[in-house]
Amino acid sequence: MKRIFAVGCVSFLLLGSAALPLAALTPTYTITGAYKSSQYHQNINAITKTGDIAFDTVAAALSQLDYHEGNSKNDFNGKNSAGTKNYTEYNRAIGTIGGSYSYAWCAAFVSWCLDVAGAKDSAGGKFTSCTLWVEKLQELGLYSTRASGYTPKVGDLIFFRSAGVSRASDHVGIVRFVKGGRVYTVEGNSSNKVSLRDYALTDTYIVGYGKPKYGGTPLAKSALSLEDTAKGLYTVTNDFVNVRASAAASSTRLGTLSRGALVEILEIKNGFGRITYNGQAAYISLDYADFTTPVFYTVTYTAESAKNCPPAFSYFSFEATTASKTVPEREGYAFLHWVGSDGKVYKSGDALPQGNLKLTAVFEAAPVTEDALPQAPSAPNTAPPVSPPAADSGMSDTGSLGENLPQNVPQSTAKAAVEAGTVSGVLAASVALWWYARKFLTV
């Protein structure tokens, strides 16, 4: 009868087949208590570094969408919609100017985003002055004017100059993407909050672009190409979006999400994204939310007492993956397949569903061959002992001794008995010869 074994002993998580980083975006300074308790701090902690630092900088900026400046240090949570005095967590991160945090904060916001994404030194440092920043970038050869015809890239800094302003720049933001001859941005201190904007590439309000030396490994796909098609984290970009019971505008409304809310889209259907809302499946229209960053899914393998158990790995939510072709080996058993934590059977190389998944090896006891069976012990020799022949019998190795052995004595035993008799005869003859010589030859 076959015996089937599903065995489990967790294979510890590695950082993926491509050594994917799994650290969250995190401020490098000690944050204030007010900001720590805010939605915006929760948002930034929900974003995992992708390794594409330009992409992560934009994601950090989007996570702060709708953060509003305040009127005092008590307003660092970003929720004072009536604030007008420039008090922000971003200014707090850089420090006071003239003993106060109340100063224009667009450059401080961009500096903060670069810092939490791990790119603080990529654009010359942290700044509170747009003009000084432009000058530093020019010095480093990291600046192009709008008039040069340069097309900005994701993560570039976009500098503006208002009409009548004589200095190099009086406002800065971060480029999200370029589409249809327009540049789309996210900016701090725009209408006193973090806002989304877009401009024609020829708009004279734009004076130029900073080009940080980000480094890192670019993602295979851009946020724009993943918009409304890939699972991941999305930011609500409208004033609000209705939460529906199913993927239809006519379905029951369960509630609303406000601008700036960061939600994980688990499935996309009919232009709606499935989320978890109050512990149950619900949907929002993706017309009112923008793709922000992918999430990581992890596949872990378990195979108790087996060799070659595949290591766990992580992959992006916009990627597909398959079950490892590495077959675990367990002495005395044959590997059959994997059983997923979803209850489904997967063979090596099979496509896996997107999401976190645990795969447990299923083995079958290997059949036992006849050669491997244990041998029964030989029956004990119960034959009576055979006396050696007399010394003067003259019997040879092939004499009657072997013929007189019991029938159940094995051949090997008979041969041993004959050899023993021969030795005994030789000894007896030697003794007799010695006695004769002593008696008759001694003088």
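Residue numbers start at 1 and run along the sequence shown. Just so you know, these numbers use all the heavy atoms, side chains as well, and skip hydrogens, waters and symmetry mates.
By the 4.5 Å heavy-atom criterion applied to side chains, Thr26 and Val116 are not counted as neighbours. Residues Phe363 and Pro328 meet the side-chain proximity criterion, which asks for heavy atoms closer than 4.5 Å. A 4.5 Å side-chain heavy-atom check between Tyr35 and Ser38 finds at least one atom pair inside the cut-off. Two residues are said to be in side-chain contact when any heavy atoms from C-beta on lie closer than 4.5 Å; Ser258 and Val236 fail this criterion. When side chains are defined from C-beta on, Trp112 counts as touching Pro27, because their heavy atoms get closer than 4.5 Å. A heavy-atom distance below 4.5 Å is found between the side chains of Ile94 and Ser111. Pro152 is listed as a side-chain neighbour of Val178, based on a closest heavy-atom distance under 4.5 Å. Using a 4.5 Å cut-off on side-chain heavy atoms (C-beta onward), Arg244 and Ile284 make no contact.
Checking side-chain atoms of Asn356 against main-chain N and O of Thr298 turns up a donor-acceptor pair under 3.5 Å. A donor-acceptor pair under 3.5 Å links the side-chain atoms of Asp52 to the main chain of Leu219, judged by distance alone. For Ser122 (side chain) and Tyr214 (main-chain N/O), no donor-acceptor pair under 3.5 Å exists by modelled atom type. Here the side chain of Gln64 pairs a donor or acceptor atom with the backbone of Tyr40 at under 3.5 angstrom. Side chain of Asn71 to backbone of Thr84: a donor-acceptor contact under 3.5 angstrom is found. Distance alone, capped at 3.5 Å, places no donor-acceptor pair between the Asn91 side chain and the Thr88 backbone. Thr185 contributes no side-chain N or O that, together with a main-chain N or O of Glu187, makes up a donor-acceptor pair within less than 3.5 Å. A distance-only check finds a donor-acceptor pair linking the side chain of Asp342 to the backbone of Lys344 [under 3.5 Å]. A donor-acceptor pair under 3.5 Å is formed between the side chain of Ser148 and the backbone N or O of Thr145. No donor-acceptor pair closer than 3.5 Å links the side chain of Thr293 to the backbone N or O of Ala59.
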Would you sort out whether Asp287 and Asn238 count as a side-chain contact (heavy atoms from CB on, under 4.5 Å), showing the intermediate values?
-> CA-CA 9 Å; Asp287 288 341; Asn238 199 45; over 6 Å; no

Applying side-chain contact (heavy atoms from CB on, under 4.5 Å), run through Ile47 and Leu262 and close with a yes or a no.
-> CA-CA 10 Å; Ile47 296 176; Leu262 189 68; 4.1 Å; yes

Test log, rule ring pair (Phe, Tyr, Trp, His ring centres under 6.0 Å), inputs Tyr277 and Tyr283 | CA-CA 9 Å; Tyr277 185 76; Tyr283 294 82; over 10 Å; no

Does the side-chain contact (heavy atoms from CB on, under 4.5 Å) test come out yes or no for Gln354 and Lys231, once each step is laid out?
-> CA-CA 9 Å; Gln354 283 188 317; Lys231 299 177 183 178; 3.4 Å; yes

Evaluate the salt bridge (Lys or Arg N to Asp or Glu O under 4.0 Å) criterion for residues Asp66 and Lys193: first the C-alpha distance (whole Å), next the side-chain angles of each, then the deciding distance (0.1 Å), finally the verdict.
-> CA-CA 6 Å; Asp66 221 37; Lys193 60 184 180 180; 3.4 Å; yes

What do the steps show when you test Leu196 against Tyr184 for side-chain contact (heavy atoms from CB on, under 4.5 Å), and what is the final call?
-> CA-CA 7 Å; Leu196 300 181; Tyr184 292 76; over 6 Å; no

Criterion side chain to side chain donor-acceptor pair (under 3.5 Å) on Thr360 and Thr302, from CA distance to verdict | CA-CA 5 Å; Thr360 301; Thr302 67; 3.2 Å; yes

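Taking the six-membered ring for Trp, Phe316 and Tyr297 have ring centres at least 6.0 Å apart. Within the 6.0 Å centre-distance limit, the rings of Tyr90 and Trp105 are counted as a close aromatic pair.
Between Glu89 and Arg92 there is no salt bridge, since none of the side-chain N atoms of the basic residue sits less than 4.0 Å from a carboxylate O of the acidic one.
Considering all non-hydrogen atoms of both residues, Asp228 and Tyr234 come closest at N-OH, 3.3 Å. Here the closest heavy-atom approach between residue Glu264 and residue Ile275 is recorded as O-CG2, 3.6 Å. Nearest heavy-atom pair across Val186 and Ala61 is CG1-CB, 3.3 Å. For the residue pair Trp338 and Ala361, the shortest heavy atom distance occurs at CE3-N, 3.4 Å. Of all the heavy atoms in Ala117 and Thr57, the pair that sits closest is CB-OG1, 3.4 Å. Closest heavy-atom contact between Ala60 and Leu25: CB-CD1, 3.9 Å.
Sorted by first and then second residue, the side-chain hydrogen bond (donor to acceptor under 3.5 Å, both in side chains) pairs with a member in residues 95-104 form an empty list; sequence neighbours excluded.
Of the listed residues (Lys179, Arg176, Arg182), just one forms a salt bridge (charged side-chain N to carboxylate O under 4.0 Å, His left out) with Asp198, and that residue is Arg182.
In the displayed structure, Tyr288 atom OH is contacted under 6.0 Å by at most 12 heavy atoms of other residues, nucleotides or ligands.
Here CG of Leu286 is found 5.5 Å from CD1 of Ile265. Values are rounded to the nearest 0.5 Å. Atom-to-atom distance recorded for His171:NE2 and Ile158:CD1 is 9.0 Å, nearest 0.5 angstrom. Taking CG of Leu266 as the start and CZ of Arg274 as the end, the distance is 5.0 Å to the nearest 0.5 Å. To the nearest 0.5 Å, the span separating CG on Leu257 from CZ on Phe240 amounts to 11.0 Å. Taken from NE2 in His68 to OG in Ser191, the straight-line distance is 8.0 Å, to the nearest 0.5 Å. Note that the CG atom of Leu62 and the OG1 atom of Thr237 stand 9.0 Å from one another [nearest 0.5 Å].
Side-chain polar atoms of Arg259 and Ser195 form no donor-acceptor pair below 3.5 angstrom. Side-chain contact, Thr326 with Asn308: no donor N or O sits under 3.5 Å from an acceptor N or O. Of the N and O atoms on the side chains of Asp170 and Ser162, at least one donor lies less than 3.5 Å from an acceptor on the other residue. Between the side chains of Thr292 and Thr235, at least one donor N or O lies within less than 3.5 Å of an accepting N or O.
Judged by the 6.0 Å and 45° rule, Lys211 forms a cation-pi pair with Tyr150.
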